[in-house]
Participant: 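So that we are looking at the same thing, I have put the structure below in structure tokens.
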Amino acid sequence: GENVEQHPSTLSVQEGDSAVIKCTYSDSASNYFPWYKQELGKRPQLIIDIRSNVGEKKDQRIAVTLNKTAKHFSLHITETQPEDSAVYFCAARIATGGFKTIFGAGTRLFVKA
Amino acid sequence: DSGVTQTPKHLITATGQRVTLRCSPRSGDLSVYWYQQSLDQGLQFLIQYYNGEERAKGNILERFSAQQFPDLHSELNLSSLELGDSALYFCASSLPKGQGGGNEQFFGPGTRLTVL
């Protein structure tokens, strides 16, 4: 079935260090991979996304890589700051006539000052 | 503010009851998506509507139903409520693909449903 696995579930880093979150998807029909940041009690907000025909994308301190063959994609945050602390979700979208987006279980990132 | 509105913000009800959650998409967005987020869990895709028609379905229970009206607002109806239905319900909207959209979904602030 359609599934997205996300690791780790919790990640604690020192301010200034890098953070890496990894996801694996199951449905090879997935063609779009967004990453969302969600602060406590608030709405998910898109921070970066990548389409299936691209291997890597960078936006300032955030980068995402995609390995279609292995069905892996990862989020890299460099020079972490305390305000990066939040829950991060990866997702994979399957185009089925409509759009079905399957989310990972989330990674709670703590950035210690 | 994403431009997507949801009402009510909070809803407390009892088991066995029925509730309706409402979502207004951003101006110009034709697609509306509904998601359920239980405590400390990820988002579960429920259903997508595009310009009034159902387009994709996820793990939506038979007790739940949705519709999108001609003015493009959407409603999610939850009936025979159980304790386990307590969750945050988000809707999101996106632009039609032909207008440069189809990818990014803009989320509303959510409706927190508590079933006692």
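The sequence lines fix the lettering, A, B, ..., with proteins before strands; numbering per chain opens at 1. On a predicted model such as this, the values are computed, not experimentally measured, just so you know.
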Participant: Is any side-chain heavy atom of A:F89 closer than 4.5 Å to a side-chain heavy atom of B:L43?
Facilitator: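 Side chain of A:F89 against side chain of B:L43, heavy atoms only: contact under 4.5 Å found.
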
Participant: Identify the heavy atoms of B:F45 and A:T101 that sit nearest to each other, and give their distance.
Facilitator: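 Nearest heavy atoms, B:F45 then A:T101: CB-O, 3.3 Å.
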
Participant: Evaluate whether atom NZ of A:K71 has more than 12 neighbouring non-hydrogen atoms of other residues, nucleotides or ligands under 6.0 angstrom away.
Facilitator: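 Yes.
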
Participant: Looking at chain A, which one of B:S2, B:A92, B:G110 has the largest number of heavy-atom pairs inside 4.5 Å, strictly under?
Facilitator: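 Most pairs with chain A among the choices: B:S2.
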
Participant: What are the residues of residues 33-49 of chain A, in order of number, with any heavy atom under 4.5 angstrom from a heavy atom of chain B?
Facilitator: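 Expected list: A:Y36, A:Q38, A:K42, A:R43, A:P44, A:L46.
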
Participant: CG of B:L46 to NZ of A:K100: how many Å apart, nearest 0.5 Å?
Facilitator: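 That separation rounds to 11.5 Å.
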
Participant: Does atom CZ of B:R112 have more than 12 heavy-atom neighbours, drawn from other residues, nucleotides or ligands, at distances under 6.0 Å?
Facilitator: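 Atom CZ in B:R112 is not packed in, count stays at 12 or less.
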
Participant: State plainly whether one hydrophobic cluster holds both B:Y33 and B:F69, where clusters connect Ile, Leu, Val, Met, Phe, Trp and Tyr through side-chain heavy atoms under 4.5 angstrom apart.
Facilitator: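 In one cluster: no.
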
Participant: If you draw a 6.0 Å radius around CD in A:Q14, do more than 12 non-hydrogen atoms from other residues or ligands fall strictly inside?
Facilitator: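 Yes, CD of A:Q14 has more than 12 neighbouring heavy atoms, counting only those of other groups under 6.0 Å.
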
Participant: Identify whether A:I50 and A:I62 are in the same connected component of the hydrophobic contact network (ILVMFWY, side-chain heavy atoms under 4.5 Å).
Facilitator: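 Looking at the clustering, A:I62 is in the same group as A:I50.
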
Participant: Give, as side chain, backbone, both or neither, the part of B:Q105 having an atom under 4.5 angstrom from any heavy atom of chain A.
Facilitator: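 Both the backbone and the side chain of B:Q105 come within 4.5 Å of chain A.
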
Participant: Taking side chain as everything from C-beta outward and backbone as N, CA, C, O, which of these in B:F90 sits under 4.5 Å from a heavy atom of chain A? Side chain, backbone, both or neither.
Facilitator: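 Only the side chain of B:F90 comes within 4.5 Å of chain A.
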
Participant: What residues join B:V4 in its hydrophobic cluster, counting side-chain heavy atom gaps under 4.5 Å, either direct or through other members?
Facilitator: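 B:V4 shares its hydrophobic cluster with B:F106.
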
Participant: What part of B:N59 lies closer than 4.5 angstrom to a heavy atom of chain A: side chain, backbone, both or neither?
Facilitator: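 The answer is neither part of B:N59.
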
Participant: If you draw a 6.0 Å radius around CD in B:E62, do more than 12 non-hydrogen atoms from other residues or ligands fall strictly inside?
Facilitator: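 Not buried by this count: 12 neighbours or fewer within 6.0 Å.
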
Participant: Hydrophobic clustering (ILVMFWY, side-chain heavy atoms < 4.5 Å, transitive) - are B:I60 and B:Y35 grouped together?
Facilitator: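 In one cluster with B:Y35: B:I60, no.
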
Participant: With a 4.5 Å limit on heavy-atom distance, are the side chains of A:F99 and B:Y50 in contact?
Facilitator: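 The answer is no; the side chains never approach within 4.5 Å.
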
Participant: Examine B:L76 and B:L72 and state if one hydrophobic cluster contains both, with Ile, Leu, Val, Met, Phe, Trp and Tyr joined whenever side-chain heavy atoms are less than 4.5 Å apart.
Facilitator: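 No, separate clusters.
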
Participant: For A:Q81, look at atom CD and say whether over 12 heavy atoms of other residues, nucleotides or ligands are found less than 6.0 Å away.
Facilitator: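 Above 12, so yes.
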
